[in-house]
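Here's the structure, in structure tokens; my notes come after.
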2 protein chains.
Amino acid sequence: MKAPAELTKNQALVLDALSHAEGPLSAYTILDRLRDDGFRAPLQVYRALEKLQELGLVHRLESINAFVACAHPHDHHQELIAFAICENCGKVDEFSDEMVEERLGRWAKAHDFRPSKTTIEIRGACRTCSSA
Amino acid sequence: MKAPAELTKNQALVLDALSHAEGPLSAYTILDRLRDDGFRAPLQVYRALEKLQELGLVHRLESINAFVACAHPHDHHQELIAFAICENCGKVDEFSDEMVEERLGRWAKAHDFRPSKTTIEIRGACRTCSSA
DNA sequence: ATAAGAATGTTATGATATTACATCAATTGC
DNA sequence: GCAATTGATGTAATATCATAACATTCTTAT
């Protein structure tokens, strides 16, 4: 795997779409937004997303089947990332908590469970939406 | 809402299918297993699942689009539940961790985020599968 | 008995994701 | 050079997951 310095055209387009989006996008929404750039089929989106996720530049939000550009693309050294997703406005906050990571890691070790990917997603109402 | 004492026929059938399954089942797998019991359409499954989830008898695993019978159906007082899902054999472990719950709650409070539903799912290899 | 609310049955459709196969481009080993 | 490999792409078809819309039946409270 080469350094992320060189994304392919499709990968760059998908990342750009996500980066400029107001919130998480579904794969098909991305497809629609890239029609004018030559995208014709879902696979073009899914393949780009796959690579971008490997590079740590994009996250998949499992609970809503959508994707976001990573908010902290600098250090993607495997740390556990949690998401707070506003069900009203779609805004997503990305955060880490060492204690949570430690507790889940402890459980895994105690049960001889070898984690490959961990999902933490909190759905609810963000500050703005819950005060309104 | 009435007490879970009386499930409807469809709800009981779906719960039974999940309870006797070796692991999580997709809605369509449940449908197939209940064909002989008169199930014909996905909605029959989804509607039963919806009620069973409200009653805390069934959980949805967001990361794999599947459903499991709750392992601790006694006390469903809103506590945060985490799942460890073996990607090899499909076995699911359900557990709680007060510290994790407290830390996520603390983050939410600090950010004025009002949580409605929280998902914690660890995918990986269970003891049996990782030792083999 | 009847009105209100749930649950059900059925068809159709929407939304998300992958398989399969052909092609093209860059790199590598000889 | 030039096959051989590898990775990316294009395209069509299909698989998988989930809900909308509508009619009907069952339950229960009054």
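Predicted model, so just to flag it, every value in this text is computed and none were measured.
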Practice item. Output yes when a side-chain donor or acceptor of B/R35 lies under 3.5 Å from a complementary backbone atom of B/R40, and no otherwise. Key: yes

Check your understanding: Roughly how many Å is it from CG in A/L34 to P in D/dT9, rounded to a whole number?
Key -> 13 Å

Revision key, fill the gap. Counting primed atoms, P, OP1 and OP2 as sugar-phosphate and everything else as base, the B/S/- map of nucleotides 9-19 of chain C against protein heavy atoms under 4.0 Å is BBB----BBBB

Point to revise | Any donor-acceptor N or O pair under 3.5 Å, side chains A/T119, B/E121 | key: no

Review point. Would you say the ring centroid of A/F67 lies under 6.0 angstrom from that of A/H59?
Key: no

Review point. B/L13 CG to C/dA7 P: how many Å, rounded?
Key: 15 Å

**Study point:** A/E50 CD - D/dA8 P separation (whole Å)
**Key:** 9 Å

Practice item. In plain terms, say whether A/R60 and A/E54 are close enough for a salt bridge, that is, a side-chain N and a carboxylate O under 4.0 Å apart. Key: no

Review point. How close or far is atom C1' of C/dA6 from atom CD of B/E54, stated in whole angstroms?
Key: 12 Å

Exercise for review: Calculate the interatomic distance between B/L49 atom CG and C/dA7 atom P; express it in whole Å.
Suggested key: 14 Å

Review point. Expressed in angstrom and rounded to an integer, what is the separation of B/L7 atom CG from C/dA7 atom P?
Key: 10 Å

Review point. Is the phosphate of C/dA6, meaning OP1 or OP2, less than 4.0 Å from a side-chain N or O of B/T8?
Key: no

Check your understanding: Just how far is it from atom CD of A/E62 to atom CG of B/N65, taken to the nearest 0.5 Å?
Key -> 8.5 Å

Review point. Excluding sequence neighbours, so at least two apart, what forms ring-ring contact (aromatic ring centres under 6.0 Å, His included) with B/Y28?
Key: none

